[in-house]
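Structure, as structure tokens:
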Amino acid sequence: MVLWILRQLFAIAVLPFTVTVLMPLWLARRYGIALGVGVGLARVALQVAGVVLVAVGGLLFVVTLHRFVTLGRGTLAPWDPPRNLVVQGPYGYVRNPMISGVVFVLFGEALLLLSRPHLMWALVFLGINTVYIPLAEEPGLAKRFGEGYREYCRHVRRFVPRVRPWESPAGRSEDAG
């Protein structure tokens, strides 16, 4: 049990924590950006939108991580991936809700801090994942999960959510082969 918890914490620390906490802190220090209430209604409105994005992104991340742990029986890390294909919850709407959650947090941070460097970091992260996911992640998932994953891809888009969730014919997480 302790090893399992350590695996989860290590994966979180290396990936989303680095992306959403360490890198933004480094940017803030590097560019002298401090959190403060913006001057004027437009800036305050942007900051409120930022808070909403951070909250939505954080919630989406936690919900999808829970699915990976409980249904997928793995971590969010590519070196220790889920053993089962997870297609329920947010995954019924969009194939990459965990990355979506992280992207929401990054754009929310940029708005909250009214920071151009943070906006650029959010765009870079989004760009990297727009390339990485179809070229590296999805072929690996297709190889590991076979026809179940290909069927899922036919019904659920990579980044644009469905209006209603797709339900697999099995109605549950698929076993990994």
Side-chain angles (χ1 to χ4, degrees), residues 1-24 47-112 118 121-123 125-130 132-134 136-138 140-142 144-145 148-176:
M1 180 65 156
V2 171
L3 181 59
W4 178 83
I5 291 170
L6 290 175
R7 284 179 30 221
Q8 297 299 328
L9 292 175
F10 180 72
I12 291 167
V14 169
L15 297 170
F17 185 77
T18 298
V19 169
T20 63
V21 177
L22 296 181
M23 185 64 171
Q47 289 181 305
V48 169
V51 169
V52 170
L53 281 178
V54 168
V56 168
L59 179 63
L60 189 54
F61 176 79
V62 168
V63 168
T64 56
L65 179 63
H66 181 262
R67 297 273 176 173
F68 260 36
V69 171
T70 59
L71 299 175
R73 301 288 179 211
T75 74
L76 57 86
W79 60 84
D80 188 13
R83 291 164 185 79
N84 299 318
L85 177 61
V86 180
V87 298
Q88 309 83 357
Y91 290 93
Y93 292 93
V94 66
R95 290 199 312 251
N96 297 285
M98 191 177 296
I99 291 295
S100 298
V102 171
V103 168
F104 287 165
V105 168
L106 292 177
F107 280 100
E109 290 172 343
L111 290 173
L112 183 58
H118 287 82
W121 169 234
L123 291 169
F125 181 81
L126 179 60
I128 289 168
N129 280 283
T130 300
Y132 170 77
I133 289 170
E137 183 176 280
E138 289 179 347
L141 290 168
R144 270 195 4 252
F145 297 116
Y149 180 72
R150 287 188 283 282
E151 177 71 11
Y152 172 66
C153 289
R154 285 192 285 274
H155 295 280
V156 180
R157 293 180 294 258
R158 184 178 294 129
F159 296 117
V160 179
R162 296 168 50 100
V163 174
R164 282 183 264 132
W166 177 73
E167 292 187 26
S168 73
R172 58 175 178 75
S173 288
E174 309 285 328
D175 288 331

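Index from 1, following the sequence.
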Measure from the ring center of Tyr91 to the ring center of Phe68 and say whether it is less than 6.0 Å. yes

Give the ring-plane orientation class for Tyr152 versus Trp166, where under 30° counts as parallel, over 60° as perpendicular and anything between as tilted. tilted

Kindly give the heavy-atom pair with the smallest separation between Leu85 and Phe145, and that separation in Å. N-CE2, 3.4 Å

Main-chain N/O of Pro90 paired with Arg67 side-chain donor or acceptor, under 3.5 Å: no

Apply the test side chain to side chain contact (heavy atoms under 4.5 Å, CB included) to residues Leu111 and Glu109: give CA-CA distance (whole Å), side-chain angles for both, the deciding distance (0.1 Å), then the verdict. CA-CA 5 Å; Leu111 290 173; Glu109 290 172 343; over 6 Å; no

Would you say Thr20 and Phe61 make side-chain contact, with heavy atoms under 4.5 Å? no

Closest heavy-atom pair, Leu15 versus Leu76, reported as atoms and distance to 0.1 Å, is CD1-CD1, 3.4 Å

Donor-acceptor pair, distance only, cut-off 3.5 Å: does the side chain of Thr75 make one with the backbone of Asp80? yes

For His155, is the NE2 atom crowded, meaning more than 12 foreign heavy atoms sit under 6.0 Å from it? yes

Using the rule given for side chain to side chain contact (heavy atoms under 4.5 Å, CB included), can you reason through Val87 versus Tyr149, listing the C-alpha separation, both sets of side-chain angles and the distance that settles it, and then say yes or no? CA-CA 9 Å; Val87 298; Tyr149 180 72; over 6 Å; no

Can you tell me how far apart CD1 (Ile12) and OG1 (Thr18) are? Round to the nearest 0.5 Å. 11.5 Å

Distance check, rounded to the nearest 0.5 Å: Phe107 atom CZ versus Leu112 atom CG? 15.0 Å

Donor-acceptor contact below 3.5 Å, side chain Trp121 vs main chain Val19: yes

Would you name the heavy atoms of Phe159 and Asn129 that are closest together and state the gap between them? CZ-O, 4.1 Å

Quick one: CG on Leu106 to CE on Met23, what's the gap to the nearest 0.5 Å? 10.0 Å

Between Ala11 and Pro16 the two heavy atoms that sit nearest each other are O-CD, 3.6 Å

Say whether, by atom type as modelled, one donor and one acceptor occur between the side chain of Arg162 and the main chain of Arg164 under 3.5 angstrom. yes

Heavy-atom closest contact (Arg144 atom, Pro81 atom, distance): NH2-CB, 3.6 Å

Side-chain donor/acceptor pairs under 3.5 Å, residues 92-103, sequence neighbours excluded:
from	atom 1	to	atom 2	distance (Å)
Arg95	NE	Glu138	OE2	3.4
Arg95	NH1	Cys153	O	3.2
Arg95	NH1	Val156	O	2.7
Arg95	NH2	Glu138	OE2	2.9
Asn96	ND2	Arg158	O	3.0
Ser100	OG	Asn96	O	3.0

